[in-house]
Amino acid sequence: MPRHLVTSALPYINGVKHLGNLVGSMLPADVYARYLRLRGEDVLFICATDEHGTPAELAALEEGLDVAEYCRRQHAVQKQLGEAFHLSWEHFGRSSSSQNKELTQHFARRLDAEGFIEERTIEQVYSVDDGRFLPDRYIIGTCPHCGYEAARGDQCENCTRLLDPTDLINPRSAVSGSTNLELRESRHLYFKQSLLAGEIRDWIDTQNDWPVLVTSIAYKWLDEGLMDRGITRDLSWGVPVDRPGYEDKVFYVWFDAPIEYIGSTKEWADLDPERRDWKSWWYDADDVTYTQFMAKDNVPFHTVSFPASIIGTRKPWKLVSYIKGFNWLNYYGGKFSTSRGVGVFMNDAIELLPADYWRYYLMANAPESDDSNFTWEGFATAINKDLADTFGNFVNRCLTFTRRSVGSSVPGGGIAGDAERELVTELEKRLRAYTDNLDAKQFRKATAELRALWAAGNAYWERAEPWKAVKADPEQAAVILRTGVNLVRFFSLLALPIIPETAGDVLSRIAPDVPARWPTDVAAELEALGPGAPFEVPEVLYRKITDDDIEAWRSRFGGEAEARATD
RNA sequence: GGCGGUGUAGCUCAGUUGGCAGAGCACGCGGCUCAUAAUCGCGGCGUCGCGGGUUCGAGUCCCGCCACCGCUACCA
């Protein structure tokens with residue numbers, strides 16, 4: 001059987017992720033994985049925290065924690081939040097794991113053996129008072145072009161000119177403010193990915209069905225000339241470099257992070273080695289379809305750098321089959337910002353409302369063709385009109401009416417007529433469209449189609465007028481009510497990938513014994529619950545969002561003014 | 001600066017290979033009353049960012065502009 005490997009870009013360890021991070025990688029990966037499982041596919045959904053690098057060290061410093069302890073805690077927080085959002089990964093690992101350490105060192109050795117690694121001595125800015133080398137962006141000073149006094153060493157935020165740290169006037173450490181900086185020489189391993197540029201281009205050339213967003217970013221890097229890159233750093237936190245003379249160095253985070261996709265898979269297998277085989281998913285895995293989900297900032301690493309690391313080993317490690325890239329989710333036209341407290345973070349969101357509310361909204365508004373905009377007004381509309389009124393109300397009106405009319409089990413009697421045949425025809429058409437969109441990873445369109453399916457149920461119910469039939473023609477009423485209860489099941493089943501909590505709740509109450517399988521035969525689905533099948537009526541599924549809620553949340557999380565203020 | 005994306009109804013967005021401009025929301029009218037004042041039906045001429053060009057015909061192809069957003073390799 002063909003197998004599906006699904007990975008989400010690894011969330012960085014530094015703090016709770018916001019809705020933009022969620023919608024750009026973890027959530028769509030989960031929706032897709034859930035969909036494939038319902039279709040009966042063999043799915044492995046892998047994610048992990050990306051824990052290395054200077055930002056993690058500095059965040060730990062700020063909290064007064066050892067970096068390993070900081071990462072341990074933050075990983076637990078992110079794992080717990082992911083589970084709260086019902087992210088159904090088979091494993092949520094850590095790039096600091098021993099498995100990733102071994103694999104990262106293995107990849108470096110392979111690349112070295114194939115002649116893709118060389119040593120180079122480079123000069124880097126060292127902050128004596130901080131006791132560390134500083135990445136470009138952690139050096140600030142006066143911009144030589146515009147005089148802006150807080151320009152970063154990589155780019156001046158004021159005039160947007162690209163800079164080199166040595167360009168800065170009065171350079172100082174962004175960490176401590178110390179001006180006691182010096183250039184120090186350091187020896188590093190470089191990955192000669194320039195030698196692989198042709199092979200990577202050939203490989204990209206064959207990806208005709210990838211989003212333009214993804215291939216255009218890949219070509220941009222290739223067109224500008226793929227440069228060799230350092231894969232080691234002078235830090236203590238990271239995967240140690242197993243090479244004489246490199247005892248005080250670690251692999252650079254860009255190199256070890258993507259390898260953690262494999263590392264995390266091995267972590268998963270090591271938890272149950274009798275039954276799980278990590279390697280068959282990654283090595284000589286021609287039967288595996290591998291789909292990656294990520295926001296656009298991560299695309300260069302997944303189209304160029306990581307493939308170079310894989311191809312360069314000259315061994316049959318698995319290359320990605322399809323990359324789904326996302327644009328940004330903005331907040332009232334501005335950026336989500338941790339430092340300014342603008343926007344909605346996963347911990348805030350889950351405290352306000354259950355996961356399904358967010359999942360539905362985010363999939364219905366996924367930034368697929370362009371950046372999209374989170375607003376509380378748009379959020380309220382999606383929840384109130386779609387979830388509460390169209391789906392929630394349909395479930396409620398069908399089940400409460402049936403219970404009151406004939407009791408808490410599916411009524412027998414009557415024969416399906418034209419109205420039901422018409423319904424089946426429309427549902428077949430829409431199910432095909434919904435399924436096609438999920439296959440194509442077009443989540444926005446898929447969600448719109450799911451909503452249209454729900455609306456078709458309401459339209460049928462209106463046309464059939466069961467409240468009249470109950471009085472005039474009990475046989476006819478039985479057909480309508482039976483169809484209605486089965487529609488509730490059918491719609492919940494289809495909604496499982498997007499809103500697993502509420503849809504699963506409905507299914508457990510009306511069809512606990514019917515296995516949840518992706519439907520193919522609509523007519524058969526509408527008879528899945530036969531005469532006598534008992535059901536429970538769930539509580540009202542979704543509460544509506546009021547104008548007071550909107551006002552309160554807008555002021556709490558920052559509104560238009562704050563989001564735009566510093567852009 | 002370079003590269004990329006986007007620009008279509010009040011709002012959010014669809015528009016496959018060029019062939020009479022679409023959906024949801026909002027708004028208006030009507031129906032229904034089982035349901036979370038829910039739902040169902042009907043109603044859309046909008047300089048398709050601007051200016052040229054190709055074509056019998058351009059939202060769609062070509063050229064040139066403008067605006068907004070993103071990326072630009074030591075943040076990951």
Next on the checklist: Quick check on contacts: within residues 431-443 of chain A, what sits under 4.0 Å from RNA chain B by heavy-atom distance?
Outcome noted: none
So what does [X] hit on the nucleic acid, given a heavy-atom distance under 4.0 Å: a base, only sugar-phosphate, or nothing?
X: A:Ile122; answer: base
X: A:Thr54; answer: sugar-phosphate
X: A:Gly53; answer: sugar-phosphate
X: A:Phe394; answer: nothing
X: A:Lys471; answer: nothing
X: A:Val212; answer: sugar-phosphate
X: A:Asp370; answer: sugar-phosphate
X: A:Ala382; answer: nothing
X: A:Leu226; answer: base
X: A:Asp297; answer: base
X: A:Lys385; answer: sugar-phosphate
X: A:Trp328; answer: sugar-phosphate
X: A:Arg444; answer: sugar-phosphate
X: A:Leu541; answer: base

How long is the line joining [atom1] of [X] and [atom2] of [N], in whole Å?
X: A:Arg120; N: B:rC74; atom1: CZ; atom2: P; value: 12 Å
X: A:Leu58; N: B:rA76; atom1: CG; atom2: C1'; value: 13 Å
X: A:Trp467; N: B:rC34; atom1: CH2; atom2: P; value: 8 Å
X: A:Trp237; N: B:rA76; atom1: CH2; atom2: P; value: 14 Å
X: A:Leu222; N: B:rG2; atom1: CG; atom2: P; value: 20 Å

Checklist entry - Any side-chain N or O of A:Arg229 under 4.0 Å from OP1/OP2 of B:rC74? => result yes
Ignoring hydrogens and geometry beyond distance, is the side chain of [X] in donor-acceptor contact with the base of [N] at under 3.5 Å?
X: A:Trp461; N: B:rC40; value: no
X: A:Glu462; N: B:rG31; value: yes
X: A:Glu224; N: B:rC3; value: no
X: A:Arg233; N: B:rC74; value: yes
X: A:Asn396; N: B:rA35; value: no

In whole Å, what separates the [atom1] atom of [N] from that of [M]?
N: B:rG52; M: B:rA58; atom1: P; answer: 14 Å
N: B:rG18; M: B:rC11; atom1: C1'; answer: 29 Å
N: B:rU36; M: B:rC20; atom1: C1'; answer: 42 Å

Item to check | Pair A:Asp256 + A:Arg233: basic N to acidic O under 4.0 Å | outcome: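 Salt bridge: no.
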Item to check | A:Glu501/A:Arg359 ion pair, N-O < 4.0 Å | outcome: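 No.
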Checklist entry - For the side chain of A:Asn393, counting heavy atoms from C-beta on, which of B:rA76, B:rA38, B:rG41 is nearest? => result B:rA38
Checklist entry - Of the nucleotides B:rU72, B:rC75, B:rA35, which one has an atom closest to the side chain of A:Lys220? => result B:rU72
Checklist entry - Is the centre of the A:Phe374 ring less than 6.0 Å from the centre of the A:Trp376 ring? => result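 Yes, the ring of A:Phe374 comes within the 6.0 Å limit of the ring of A:Trp376, centre to centre.
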Checklist entry - Of all heavy-atom pairs between A:Trp210 and A:Ile204, which one has the smallest distance, and what is that distance? => result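 Shortest heavy-atom separation between A:Trp210 and A:Ile204 comes out as CZ3-CD1, 4.0 Å.
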Next on the checklist: Let's test this: given Watson-Crick or G-U wobble pairing with both distances under 3.5 Å, identify the partner of B:rG10.
Outcome noted: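 Pairing partner: B:rC25.
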Checklist entry - Do A:Arg152 and A:Ile139 touch side chain to side chain, with heavy atoms closer than 4.5 Å? => result no
